[in-house]
Amino acid sequence: MDATEAIAVIILIAAIVILVYYYLLNTPSAMDKLRNYVPTSADAHMDEVLGGNPADLSNEVPEKDESESMSKRIKVKLSDIDMSSLGTDAFSNKIDAFLDAKSDELIKDWSLATTDDLEDLQTKFSETTGNVDALEKDYKEFKKSSEEFQKATAEKLDDLDKRIESLENN
């Protein structure tokens, strides 16, 4: 066998090992079976060496411990459920619940406008529009009265000019 063939075989074996590893990680049933076959400690007497229960190798477990271990197993099984397989409805419901709970913080942090803010802005806009209309009306009245005042002043000045001329001619 050449060196290239040996490298190709090693790469194939490594790829197969990696695929099997990921398969075992992603399938909980296969992982449980593997855990049943492979002991958690390397030696059956390791607990005794480390200071655990000395030489108690019986499989009999009191009922209380069995029920506690069963509840722990159920909790572990429920926590191992892959949420991505449940669909997007549960995920979107969780997001909605989070947004409802944290909406005030999100509005403040992201400087978002609410419907109350929009109503306040509409009220202010209405007041401003009314004030501008009133100012425009007052300006037109002032302009009209100013023109009348200018005419009246011009007439009085003309009258005074006529009097001054008549006094000068006399």
Side-chain angles (χ1 to χ4, degrees), residues 4 7-36 38 40 64-170:
T4 56
I7 292 174
V9 169
I10 291 172
I11 290 174
L12 279 173
I13 291 172
I16 291 171
V17 168
I18 291 172
L19 287 173
V20 168
Y21 173 73
Y22 280 112
Y23 172 76
L24 290 175
L25 282 180
N26 291 326
T27 54
S29 61
M31 201 62 177
D32 288 339
K33 288 180 184 177
L34 183 65
R35 285 186 186 136
N36 288 338
V38 178
T40 56
K64 186 176 181 181
D65 290 338
E66 185 177 330
S67 65
E68 287 178 2
S69 66
M70 183 57 78
S71 66
K72 287 181 184 177
R73 287 181 188 171
I74 291 172
K75 288 179 185 176
V76 169
K77 295 290 184 187
L78 290 177
S79 66
D80 288 341
I81 294 174
D82 187 15
M83 294 304 289
S84 64
S85 64
L86 293 178
T88 58
D89 292 336
F91 185 68
S92 64
N93 289 339
K94 284 185 179 184
I95 290 175
D96 290 341
F98 172 77
L99 290 176
D100 290 341
K102 302 289 184 178
S103 62
D104 293 335
E105 291 177 30
L106 290 173
I107 289 170
K108 182 180 176 188
D109 291 345
W110 293 352
S111 301
L112 299 176
T114 61
T115 54
D116 294 337
D117 295 336
L118 292 175
E119 289 172 1
D120 290 344
L121 284 174
Q122 286 176 341
T123 304
K124 288 179 183 179
F125 177 75
S126 298
E127 289 176 16
T128 304
T129 304
N131 290 341
V132 168
D133 290 341
L135 284 173
E136 187 175 358
K137 180 182 173 187
D138 290 345
Y139 174 72
K140 287 180 181 179
E141 288 177 8
F142 172 75
K143 187 176 177 183
K144 184 178 180 183
S145 65
S146 174
E147 289 173 358
E148 292 173 1
F149 177 74
Q150 287 175 358
K151 287 180 185 177
T153 305
E155 289 174 4
K156 288 181 183 178
L157 286 175
D158 288 341
D159 186 45
L160 284 175
D161 284 340
K162 288 179 185 175
R163 284 184 181 173
I164 291 174
E165 282 180 22
S166 68
L167 287 175
E168 286 178 356
N169 289 342
N170 286 341

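A search for side-chain contact (heavy atoms from CB on, under 4.5 Å) contacts involving Ser103 returns nothing, not counting sequence neighbours. Remark: Glu168 engages Ile164 in a side-chain contact (heavy atoms from CB on, under 4.5 Å) (not counting sequence neighbours). Thr153 meets the side-chain contact (heavy atoms from CB on, under 4.5 Å) test with Phe149, Leu157; sequence neighbours excluded. Every residue meeting the side-chain contact (heavy atoms from CB on, under 4.5 Å) condition with Ile13, not counting sequence neighbours, appears here in chain and number order: Val9, Val17.
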Pair up each side-chain donor or acceptor in residues 137-147 with any protein partner under 3.5 Å, not counting sequence neighbours, and list the distances.
from: Ser145; atom 1: OG; to: Glu141; atom 2: O; distance (Å): 3.1
from: Ser145; atom 1: OG; to: Phe142; atom 2: O; distance (Å): 3.0

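Within the structure, side chain to side chain donor-acceptor pair (under 3.5 Å) contacts touching residues 116-134 (residues at least two apart or in different chains) are Thr114-Asp117.
Looking only at distances, a side-chain donor or acceptor of Asn26 sits under 3.5 Å from a matching main-chain atom of Tyr22.
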